[in-house]
Amino acid sequence: MKKGIFIGLLATIILIVSACSNNAIEPESQYGNKLQSFNVTDQNGDKFSQKDMKGKVYIADFIFTDCETVCPPMTYNMSTVIDQLEKDGVKDYGVISFSVDPDNDTPKKLKDYIKQYNVPDGKWTLVTNYDFKFIKQYAEDNFKSIVAPPPKGSNQVTHGTSFYLVDQNGKIIKTYSGQDAGDKKFPKSEIVADVKTLVEDGPIED
């Protein structure tokens with residue numbers, strides 16, 4: 001076989017294999033399972049479950065409205081991701097924020113909280129209406145993230161500051177810092193690019 005023909009066939013095979021697999025995002029090894037089922041209430045007082053996430057790419061995080069430290073920058077950063085995705089015309093994505101202070105964060109309080117960030121309706125779902133034990137265990141089991149009650153005399157819940165990329169099948173694919181971390185800036189461009197990749201190429205197959 002001539003060298004030129006062989007190289008041509010090899011290139012064709014590589015293209016076919018690449019087309020059949022979404023390799024642009026490398027899934028992180030500590031994840032891989034689909035989100036466990038949940039039934040919660042969003043900021044509009046409507047029921048919401050993991051089934052409502054199916055078919056869309058989601059970015060997830062954990063916050064609470066009385067947070068005095070990490071949540072304000074995290075929430076602002078998330079709003080800039082949404083702004084960029086909207087400017088770029090990306091469809092079929094959403095954001096879900098789990099309250100880690102469900103006894104205090106009523107749907108109305110969550111709705112008032114998110115209003116200040118001026119995000120488009122229907123893009124950002126904030127959820128509550130479960131007990132603290134549930135969210136502590138759910139964060140640990142699904143996101144490998146800590147949620148711990150406030151120390152005595154404080155109302156500040158301890159929780160992780162990561163953002164999580166969830167594909168159309170409800171599988172956690174990747175994590176990002178939700179804020180500046182040392183010398184590294186918040187990875188807005190990386191998150192936007194990864195959401196676009198999943199929206200365009202579909203979920204990563206097992």
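Just so it is clear, the structure is predicted and the values come from calculations on it, not from any experiment. Atoms considered below: every heavy atom in the structure, side chains included; atoms not considered: hydrogens, waters and symmetry mates.
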task: Assess whether side-chain contact (heavy atoms from CB on, under 4.5 Å) is satisfied between T175 and F163, documenting all intermediate values.
output: CA-CA 6 Å; T175 62; F163 290 173; over 6 Å; no
message: Test your reading of the model: is there a side-chain donor-acceptor pair from T80 to the backbone of N77, 3.5 Å cut-off?
response: yes
- line: Output for pair (F62 CZ, Y138 OH), nearest 0.5 Å, gives 8.0 Å
field: Gap separating the CG atom of L198 from the CD1 atom of I25, nearest 0.5 angstrom
entry: 4.0 Å
message: Do Y176 and D194 pair up side chain to side chain, a donor and an acceptor below 3.5 Å, judged on atom types alone?
response: yes
message: Is there a continuous path of hydrophobic side-chain contacts, each under 4.5 Å between heavy atoms, that joins Y76 to V119?
response: yes
message: Pairing donors with acceptors under 3.5 angstrom, does anything connect the side chains of Y93 and Q168?
response: no
query: Is there a side-chain contact between V70 and H159, using heavy atoms and a 4.5 Å cut-off?
result: yes
query: Considering only heavy atoms from C-beta outward, does the side chain of V199 approach that of K196 to under 4.5 Å?
result: no
query: Counting distance only, does the side-chain N/O of T128 pair as donor-acceptor with the main-chain N or O of D105 below 3.5 Å?
result: yes
message: Check E190 with K185, please: is the shortest side-chain N to carboxylate O separation under 4.0 Å?
response: no
- request: Supply the atom-to-atom distance Q137 CD to D131 CG, rounded to the nearest 0.5 angstrom.
  value: 11.0 Å
field: Min side-chain heavy-atom separation F48-T125 under 4.5 Å
entry: yes
message: When you compare the side chain of F143 with that of L35, does any pair of heavy atoms fall below 4.5 Å?
response: yes
message: Testing the 3.5 Å rule here: is there a donor-acceptor pair between the side chains of N104 and K109?
response: yes
- request: For the pair V166 and I59, evaluate side-chain contact (heavy atoms from CB on, under 4.5 Å) and give the outcome as yes or no after the intermediate values.
  value: CA-CA 6 Å; V166 182; I59 313 167; over 6 Å; no
- prompt: Can a donor-acceptor pair be found between the side chains of Y130 and S99 at a distance below 3.5 Å?
  reply: no
query: Is there a donor-acceptor pair under 3.5 Å between the side chain of Q156 and the backbone N or O of P149?
result: no
query: Is there a donor-acceptor pair under 3.5 Å between the side chain of E140 and the backbone N or O of S145?
result: no
Any donor-acceptor pair under 3.5 Å from D167 side chain to K171 backbone: yes
- request: Answer yes or no: is there a side-chain heavy-atom contact under 4.5 Å between M78 and Y117?
  value: no
Minimum side-chain heavy-atom gap N129-K47 below 4.5 Å: yes
Distance in Å, M74 CE paired with F186 CZ, rounded so as to fall on 0.5 Å steps: 9.5 Å
- prompt: When you measure from the side chain of Q84 to the backbone N and O of V81, does any donor-acceptor pair fall under 3.5 Å?
  reply: no
task: Would you kindly check if the NZ (Lys) or CZ (Arg) of K174 is within the cone defined by 45 degrees around the ring axis of Y164 and under 6.0 Å from the six-membered ring centre?
output: no
message: Using modelled atom types and a 3.5 Å cut-off, is there a donor and acceptor pairing between side-chain atoms of N142 and backbone atoms of Q36?
response: yes
- prompt: Just checking, any donor-acceptor pair under 3.5 angstrom between side chains of N39 and S49?
  reply: no
field: Test side-chain contact (heavy atoms from CB on, under 4.5 Å) applied to I96 and V127, step by step
entry: CA-CA 7 Å; I96 181 168; V127 299; 4.2 Å; yes
Cationic N near anionic O, under 4.0 Å, K184 to D180: no
message: Whether the side chain of D88 engages the backbone of V90 through a donor-acceptor N/O pair (distance < 3.5 Å, no angle test) should be reported.
response: no
query: Do F132 and D101 come within less than 4.5 Å of each other through their side chains, counting heavy atoms only?
result: no
message: What verdict does the ring pair (Phe, Tyr, Trp, His ring centres under 6.0 Å) test give for F38 and F134, after you've listed the backbone C-alpha separation in whole Å, the side-chain angles of each residue and the deciding distance to 0.1 Å?
response: CA-CA 10 Å; F38 61 83; F134 164 80; 7.5 Å; no
Interatomic spacing from CD1 in I63 to CG in L110 - rounded to 0.5 Å: 7.0 Å
task: Indicate the atoms forming the closest heavy-atom contact of G45 with P107, along with that distance.
output: N-CB, 4.1 Å
message: Tell me whether S154 contacts the main-chain N or O of P150 through its side chain, where contact means a donor paired with an acceptor under 3.5 Å.
response: no
- prompt: Ignoring hydrogens and geometry, is there a side-chain-to-backbone donor-acceptor pair from D42 to N44 under 3.5 Å?
  reply: yes
- prompt: What are the two closest heavy atoms between V157 and A148, and how far apart are they?
  reply: CG1-O, 3.2 Å
query: Just how far is it from atom CD of Q50 to atom NZ of K34, taken to the nearest 0.5 Å?
result: 10.5 Å
message: If you define the side chain from C-beta out and look only at heavy atoms, does anything of C67 sit under 4.5 Å from P72?
response: yes
- request: Kindly determine whether W124 and I82 satisfy side-chain contact (heavy atoms from CB on, under 4.5 Å), including the steps that lead there.
  value: CA-CA 9 Å; W124 199 335; I82 293 175; 3.4 Å; yes
